There are 2 protein chains.
Amino acid sequence: MHKYSGETRILVATDCIIFGFDGANIKLLLVQRGLEPEKNKWSLIGGFIKPTESPEDAANRVLELRTGLKNVYMEQFQVFGKPGRDPVERTLSIAYFALIDIHQYEAQLSEEYHPEWFLLDEMPDLIFDHNEMVRLAKRQLRYKAALHPILFQLLPEKFTIPQLQALYEGVYQTKFDDRNFSRKLLSTGLLVKLPEKDKLSSKKGAFYYKLDQSHYEENFEKFLNLVPNPDKFF
Amino acid sequence: MHKYSGETRILVATDCIIFGFDGANIKLLLVQRGLEPEKNKWSLIGGFIKPTESPEDAANRVLELRTGLKNVYMEQFQVFGKPGRDPVERTLSIAYFALIDIHQYEAQLSEEYHPEWFLLDEMPDLIFDHNEMVRLAKRQLRYKAALHPILFQLLPEKFTIPQLQALYEGVYQTKFDDRNFSRKLLSTGLLVKLPEKDKLSSKKGAFYYKLDQSHYEENFEKFLNLVPNPDKFF
DNA sequence: TAAAATAGTTGTCCAAAGTACACTAAATAA
DNA sequence: TTATTTAGTGTACTTTGGACAACTATTTTA
């Protein structure tokens, strides 16, 4: 089974930084660690890679196991591998980040592991180097969202322009000009206007939009500029 | 020593996609694999992680061991971890990409492992999934170089504007307008003009420039736009 | 019925950046 | 001295980005 001789095999885990949006705030999904050391301390959702699965498969399996979540937008983020990062044993972690619409997945959240959503500025201290992972993932989210339309992954299928703007404003912790924002947004051609309105959040009501899926996929790699002066936020 | 029980430890390697520039062409540094299977077939520079070193340390150690190269610009790129990617044994590879000035490091290249530089379009077939790694790294290079001034890492300390332009044209396989290119470039404030000229490549001679190092480091994260319509190249 | 709140459109002004192309400058070679 | 080659600047036009004003529309509440 060990065919390359003289080399050391090490434990490899995946950890997932899960960003969610509930329509008003951006949150992070955490669980309480189930084993010693640091049992019951808060942590990212993670677990070890099995011999027959790819890291992507592992990340998805662990995510479903611990939270019940499936078919979630996820991308490989970064490897954390300093010796000593896990005090128990040398462990390498492949970090992923995921973006989800909190309401859409609310029902699925696992009873067994009771994961909880935390506001970004009300987060508990995390185990190991997970605080650092989160810090870097937040930065990465701002970076990538300034270039590509990934934040749509945080919204329900139908959403309003004010909702989308609130989301961007949450990510960048700033206000954008409504008029310029909606003008830019509509000019991308990414959105399809629906006949219905959302009447909950305002008196007038805001029209729902959905993504033009094929246009979205074709243009995902193209640069977008919904965020003014993005580099000042990193 | 194994403290988390019931989990499988796996081999972890680093592989490095090393881009070099010799003043005219972009090349890739490859070595011939020293062990079975696929012995003597061309491969990226890689090796296994030792128990006490971080992945970054491993990548640097392996790079120095196999090529003699030290203090090279390197960044973490992507993990390749599909089971079966190495037919011998499950191996996970953390891929890095490195950028170097070929002439600067020419003397250091290891005799023992005789690595060789290949033009991108004259590359031999590589072992395992290394062809795919190279394909993705080329794409990543184009992506990142469109946003940040990383290509300077491929040039000697003193370089001319025409050299730099040739480099960009090599990366994007296209021609840029000389006049606009140099004007954009100089307006970044990244360059310091030197009193000497390079008289080798032209009659008039082109002034040497060097990087304003502190300005470079401060602005590394800022977006730059030396490449017109960058997204058409991905 | 009027005031208030939010959604959404349009327009204007200004600055900065992108692009095309003509031109000048410096050195060498014939 | 003149032609040639390559380096680098200038100029004119267009496009885009961003700040902000004005106005309309729709519904609720006082």
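Owing to the predicted nature of the structure, the values given are computational and were not obtained by experimental measurement. Letters A, B, ... mirror the listed sequences (proteins, then strands); counts begin at 1.
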>> How many whole angstroms separate atom CD of A/Gln163 from atom C1' of C/dG8?
In response: 15 Å
> Is the NZ or CZ atom of A/Lys193 both under 6.0 Å from the centre of the six-membered ring of A/Phe207 and within 45° of that ring's axis?
Replying inline: yes
> What's the CG-C1' distance between A/Leu191 and C/dG8, to the nearest Å?
Replying inline: 14 Å
> What integer distance in Å separates A/Phe176:CZ from C/dG8:C1'?
Replying inline: 19 Å
> Centres of the A/Tyr208 and A/Phe159 rings: under 6.0 Å?
Replying inline: no
> How many Å lie between NZ on B/Lys184 and P on C/dA20, as a whole number?
Replying inline: 10 Å
> Is A/Phe97 close to A/Leu141 at the side-chain level, that is, under 4.5 Å between some pair of heavy atoms?
Replying inline: yes
> Within a reach of under 6.0 Å around NZ of A/Lys82, are more than 12 heavy atoms found that belong to other residues, nucleotides or ligands?
Replying inline: no
> Counting just side-chain N and O atoms, does B/Asn225 come under 4.0 Å of either OP1 or OP2 of C/dG18?
Replying inline: yes
> Strictly by modelled atom types, are B/Glu217 and B/Gln213 linked by a side-chain donor-acceptor pair under 3.5 Å?
Replying inline: yes
> For the pair made of NZ in A/Lys175 and C1' in C/dT6, what is the distance, rounded to whole Å?
Replying inline: 13 Å
> CZ of A/Phe181 versus P of C/dT10: gap in Å, rounded?
Replying inline: 18 Å
> Are B/Phe128 and B/Phe80 close enough that their ring centres sit under 6.0 Å apart?
Replying inline: no
What's touching nucleotides 9-13 of chain D from the protein side, N or O pairs under 3.5 Å?
none

> Considering only heavy atoms from C-beta outward, does the side chain of A/Tyr96 approach that of A/Thr14 to under 4.5 Å?
Replying inline: yes
> Looking at residues at least two apart in the chain, or sitting in another chain, which of them share a ring-ring contact (aromatic ring centres under 6.0 Å, His included) with B/Tyr143?
Replying inline: A/His148, A/Phe223, B/Phe234
> Would you call A/Leu167 and A/Leu154 a side-chain contact if the rule is heavy atoms closer than 4.5 Å?
Replying inline: yes
>> Does a side-chain N or O of B/Lys199 approach OP1 or OP2 of C/dA27 to a distance below 4.0 Å, or not?
In response: no
>> Output the rounded distance in Å from CG (A/Leu185) to C1' (C/dG8).
In response: 13 Å
>> How many whole angstroms separate atom CG of A/Asp198 from atom P of D/dT28?
In response: 13 Å
For nucleotides 24-26 of chain C, list the nitrogen or oxygen atoms of the protein found under 3.5 Å from its nitrogen or oxygen atoms, one pair per line.
| residue | atom | partner | partner atom | Å |
| --- | --- | --- | --- | --- |
| C/dA25 | N3 | B/Lys204 | NZ | 3.3 |

